[in-house]
Engineer: 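Sharing a structure with you now.
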Amino acid sequence: MAHNQETVWEKEGLTAEEYQMIVARLGRKPNYTELGMFGVMWSEHCSYKNSKLILKKFPTEGKRVLQGPGENAGIIDIGDNQAISFKIESHNHPSAIEPYQGAATGVGGIIRDIFTMGARPIASLNSLRFGNLNNNHVKYLFKEVVAGIAGYGNSIGIPTVGGEVNFAAAYQGNPLVNAMSVGLMEHDDIATGTASGKGNPVMVVGAATGRDGIQGASFASDELTDESAEDRPAVQVGDPFMEKLLLEASLELIKSGVLVGIQDMGAAGLISSSSEMAGRGGAGIEMEMSKVPCREEGMTPYEMLLSESQERMLVVPRKGKEKLVEKIFAKYGLHAAVIGKVTADGMIRVLHDGEIIAEVPAKALADDAPVYQRDSSRPAYLTEIEKLDINKLIEANPAAKNYNQVLLKLLASANIASKKWVYEQYDQQVQNNTLVLPGSDAAVLRIKGKNKGLALTTDCNGRYCYLNPKVGGRIAVAEAARNIVCSGGEPLAITDGLNFGNPMDPEVFWQFEEAAQGISEACLELETPVTGGNVSFYNESPDGAIYPTPIIGMVGLIRDLQDVTTHDFKDAGDQIILLGETKEELGGTEYLKEILGEEKGSIPEINLKYEKRVQQTCLTAIRKGFVKSAHDCSEGGLAVALAESTFRKELGIKINLPDSDISKVAELFGETQSRIIITTEKENLDNIQNIACKNEIAMTVLGTVIPEKLFIIDGLIKLDLEEMKKQWQNAIPAEMES
C-alpha cells in the first residue's frame with residue numbers, strides 16, 4: 001500500500017521539521033513503518049523532548065541511590081544488602097476515556113517497571129484528581145478509576161496502602177490518575193534494561209500481542225478533545241492474573257543468572273523496549289516479526305511494533321540459554337519466543353518473512369529525539385488572582401466567623417473528608433506487611449525478618465502550584481517528607497509524576513519550570529534525591545488546562561519498628577504540642593475555597609531550612625520515645641488537623657490558643673507550613689522542649705487530650721465529636737450515592 005509521507009508524519013504526531021530531521025538522520029525518506037517507529041519514540045511520552053532540559057536540573061545522586069533516572073525505576077539502599085525500587089507514572093488520558101481499564105493498566109504498567117528491576121512489588125499507592133463531584137460524569141470517572149485500581153491490585157495480590165484524592169474544577173475535563181509501586185530486593189538481584197553481547201537472543205515473553213494500545217504513546221502526548229472518545233482503541237486491556245504469572249516468571253529468570261537485560265513493554269511496546277535496550281547497551285537488535293506471538297490474525301509489522309498489549313516483556317538472555325528461558329515461562333503457562341538477536345552495528349533492523357522492512361539506528365529512536373527549550377512567560381492570571389482582601393471577604397460573610405459551622409463544613413468538604421469509601425475497596429493487607437493502614441500521614445510496611453520498616457506517601461497541592469508553582473513544588477516535597485517523619489521514618493528519596501498542560505503554551509511551560517525548580521530546591525535541602533518518575537503534558541480539555549500538579553511519591557526508612565507513629569491521639573491526659581509557628585496565611589486555603597468561594601491569594605511561604613529543623617525535632621523526639629502521636633498540619637489548618645487526630649479513639653480535646661497578633665481565623669484554618677502536632681505525656685514536655693530549642697524552632701503547648709467526646713478550642717469552637725465525625729466520615733459516600 002502506498003503512503004504519502006508528506007501528510008502521514010502528522011498522523012504519527014510529528015512536525016514537518018521533525019520529519020526533515022529524520023530524513024537527515026537516515027539519509028533517505030523513512031518508509032511507513034519507520035515513520036511510525038519515530039512517531040511514537042519521538043512523542044513527548046517516550047522522548048521527554050519538551051522536558052528533558054528541565055529534568056536535568058533535578059538532584060539525582062545521594063549516598064543511598066543505587067539507580068537514578070534512566071532505567072525502568074529508581075533503586076535506593078536501605079541497608080542489610082537490601083534495596084527498594086520505586087516509581088510513579090501517570091495514565092491520565094486512557095483513564096479519561098476508559099476509566100476502569102485506564103486505571104487498571106496504569107497499575108499494571110508501574111508494577112512491571114518494578115519487578116523488571118529485580119524487585120518483588122510489596123506495595124502500591126496512587127494520586128488521583130477529579131472535577132467536582134456534583135457532576136455525574138465525574139462521579140462515573142471516580143467510581144470506575146477506583147474500581148480499576150482495586151480490580152487490578154487486589155487480583156495480583158499487591159496491597160494498595162496509600163495515596164490521595166483531590167477534587168477541583170480544573171480537572172473536570174481531564175482527570176489525573178498517577179500510580180506508584182514499591183518493591184523490595186537484594187542488591188545482588190538488580191536487573192537492568194540493557195541489550196548487549198553480539199549474538200545473544202532477543203525474546204518476547206508473557207502475553208501474546210494484539211491490536212490494543214497502538215499509538216498509545218502518541219495519544220498520551222496530545223490534548224483531550226470532544227472527539228477523544230473515538231480514540232478508545234488506544235486504551236489497553238489488562239489481565240492481573242497473567243501479570244502475576246509474568247511477575248513470578250520474571251523474578252525466577254532474574255534469579256537464574258542467565259539474564260543480560262529485561263525491559264517492560266510499556267508505552268510504544270516492542271519498538272520502545274528494543275530501541276531503549278539497544279541504546280543503553282550500545283548495540284543493535286535484529287527482529288523477525290513473523291516470530292512474534294500474536295493473538296489476532298493478519299497483524300502487520302507496524303501493528304506488532306507499536307502495540308501496547310499488556311503483560312509483555314522483552315528479555316535478552318545469554319546465548320545458549322533460550323531453552324531455560326522457555327522452560328521457566330512455560331512453567332507459568334506463558335509465551336517465550338525468540339524473535340531476534342543482538343547485533344554489534346547499533347541498528348534496529350525489522351524483518352518480516354525474511355524481508356527487511358525497517359532499518360533505523362537504535363540511538364536515533366531512543367536517544368536522538370529533538371530536545372526543545374520552549375518559550376515561557378509568567379501567566380497573566382497571576383496578577384489578577386493575587387489581588388485579594390481576605391478581611392473584606394470575611395466581613396462581608398458573617399458565616400465565615402461562625403467557627404463551629406466552618407469546621408463542620410470543612411470536614412464535610414470533598415478534599416478533607418474521609419476517603420474511606422475509596423481505600424476500603426483496596427486490599428491493604430495482602431502479603432501481611434502493612435502496619436499502618438490508609439488514613440494516617442503515611443502508610444507503613446514492615447520488612448519481614450527485620451526490625452525495620454518503610455513509610456510511603458504521595459503528596460501535592462495543585463491549587464498551591466496554580467497560585468505559585470515554585471513554592472507549590474517546594475511544599476509538595478516538604479509535605480511528603482513531613483508525612484514520612486510523622487510516621488517515624490527518615491525521608492530517603494522521591495519519584496515524581498509531573499502533570500501539566502500543553503508545553504507549547506508559554507504560561508504552562510513557565511509553570512513547569514517553576515515547579516521543577518521548587519522541587520529541586522526542596523530535594524537538595526531535605527536530602528531526598530529524585531530517582532525517576534514521569535512527565536505528563538497535554539493535560540487539557542476544551543475547558544482549559546489542569547492545575548499544574550507535580551505529584552511527589554516519597555519513601556522513608558523506619559530504622560526501628562518501635563518508632564512507628566500514627567496521627568491519632570492515644571490517651572486522655574496527654575499534652576498536645578504544636579511544633580513550628582503559625583502565620584497570617586489564608587491565601588490558597590481550603591477555608592478560602594469552601595467558605596468564601598475563592599481560589600486566590602498568596603499561598604503559605606516555606607523556609608526549607610526551618611522545615612528541616614521541625615522535621616528533625618519531631619523525628620528525634622519520636623526515636624527517643626517521647627511522642628505518642630504525630631500529625632502534619634496542612635489542608636484545613638490547625639483545627640482540621642486536631643479534628644482528624646480525635647476521630648479514631650474518639651478522645652476529645654481542650655485547647656487554649658496562645659496570645660498572638662494572628663487573627664483567630666488564620667490560627668484555626670490557615671495553612672502555614674512546617675507545623676506538626678504531637679502528643680506526649682506531661683513528664684516529657686521538658687525533654688521535647690530541649691530538642692526544639694536545640695533545633696531553634698517554636699514549640700507551643702496547646703492543651704490536653706480529654707476523655708469526653710468534646711472538641712473545645714478556647715471560646716471559639718465547641719462541638720460534639722460524634723457530630724464532627726459524622727460530617728467527616730459520610731461526605732463522599734453521600735455524594736456518590738446521590
Engineer: Run the side chain to side chain contact (heavy atoms under 4.5 Å, CB included) check on I328 and K331 step by step: do they pass?
Structural biologist: CA-CA 5 Å; I328 290 172; K331 174 180 168 184; 5.8 Å; no
Engineer: Would you say the side chain of Y152 lies within less than 4.5 Å of the side chain of E243, judging by non-hydrogen atoms?
Structural biologist: yes
Engineer: Any side-chain heavy atom of Q310 within less than 4.5 Å of one from M242?
Structural biologist: no
Engineer: For the pair E186 and R120, find out whether any cationic side-chain nitrogen is under 4.0 Å from an anionic carboxylate oxygen.
Structural biologist: no
Engineer: Which heavy atom of A344 sits nearest a heavy atom of K198, and at what distance?
Structural biologist: CB-CD, 4.0 Å
Engineer: For K323, is there an ion pair with E326 - N to carboxylate O distance below 4.0 angstrom?
Structural biologist: yes
Engineer: Does some side-chain heavy atom of I88 sit less than 4.5 Å from a side-chain heavy atom of N534?
Structural biologist: no
Engineer: Do you see a donor-acceptor pair shorter than 3.5 Å between the side chains of E276 and S272?
Structural biologist: yes
Engineer: Do the side chain of E288 and the main chain of G354 share a donor and acceptor less than 3.5 angstrom apart?
Structural biologist: yes
Engineer: Run the side chain to side chain contact (heavy atoms under 4.5 Å, CB included) test on V260 and R318 for me, step by step, so that the C-alpha distance in whole Å, both residues' side-chain angles and the decisive distance to 0.1 Å come before the verdict.
Structural biologist: CA-CA 6 Å; V260 175; R318 295 201 307 274; 3.9 Å; yes
Engineer: Would you say Y171 and T549 are linked by a side-chain donor-acceptor pair, where the criterion is simply a distance under 3.5 Å?
Structural biologist: yes
Engineer: Report yes or no: does Q429 contribute a side-chain atom to a donor-acceptor pair with the main-chain N or O of P159 at less than 3.5 Å?
Structural biologist: no
Engineer: Inspect the surroundings of NZ in K49 and state if more than 12 heavy atoms from other residues, nucleotides or ligands are less than 6.0 Å away.
Structural biologist: yes
Engineer: Can you tell if the side chain of V258 reaches within under 4.5 Å of the side chain of L253, non-hydrogen atoms only?
Structural biologist: yes
Engineer: May I have the step-by-step check of side chain to side chain contact (heavy atoms under 4.5 Å, CB included) for V350 and T33, ending in yes or no?
Structural biologist: CA-CA 9 Å; V350 182; T33 300; 5.5 Å; no
Engineer: E12 and side-chain contact (heavy atoms from CB on, under 4.5 Å): which single residue from Y32, W42, F38 fits?
Structural biologist: Y32
Engineer: Looking only at non-hydrogen atoms, find the nearest pair between K321 and P317 and report the distance.
Structural biologist: CB-CB, 4.5 Å
Engineer: Assign the ring pair F142 / F130 to parallel, tilted or perpendicular, where the plane angle (0 to 90°) is split at 30° and 60°.
Structural biologist: tilted
Engineer: Given the rule in the side chain to side chain contact (heavy atoms under 4.5 Å, CB included) test, do L492 and I78 qualify, once you have shown the distances and angles that lead to the verdict?
Structural biologist: CA-CA 9 Å; L492 297 184; I78 59 168; 4.1 Å; yes
Engineer: Look only at the side chain of E296 and the backbone of R211, and say whether a donor-acceptor pair between them is shorter than 3.5 Å.
Structural biologist: yes
Engineer: If we ignore hydrogens and angles and just use 3.5 Å, is the side chain of E540 paired with the main-chain N or O of I546 as donor and acceptor?
Structural biologist: no
Engineer: Pairing donors with acceptors under 3.5 angstrom, does anything connect the side chains of S309 and S307?
Structural biologist: yes
Engineer: Show the nearest heavy-atom pair for residues V342 and G197, with the distance to one decimal.
Structural biologist: CB-O, 3.4 Å
Engineer: Provide the closest heavy-atom pair for A195 versus A278 in the form atom of the first, atom of the second, distance.
Structural biologist: CB-N, 3.9 Å
Engineer: Less than 4.5 Å apart, any side-chain heavy atom of E34 and any of I22?
Structural biologist: no
Engineer: Taking atom NZ of K319 as the centre, report whether more than 12 heavy atoms of other residues, nucleotides or ligands fall under 6.0 Å from it.
Structural biologist: no
Engineer: Against E164, only a single residue in L128, L125, N126, T458 fulfils side-chain contact (heavy atoms from CB on, under 4.5 Å); can you say which?
Structural biologist: T458
Engineer: Donor-acceptor pair, Q428 side chain versus Y423 backbone, under 3.5 Å?
Structural biologist: yes
Engineer: Measure the shortest side-chain to side-chain distance between R280 and Q263 over non-hydrogen atoms and say whether it is less than 4.5 angstrom.
Structural biologist: yes
Engineer: Is there a side-chain contact between N92 and N178 in this structure, where contact means two heavy atoms from C-beta onward sitting under 4.5 Å apart?
Structural biologist: yes
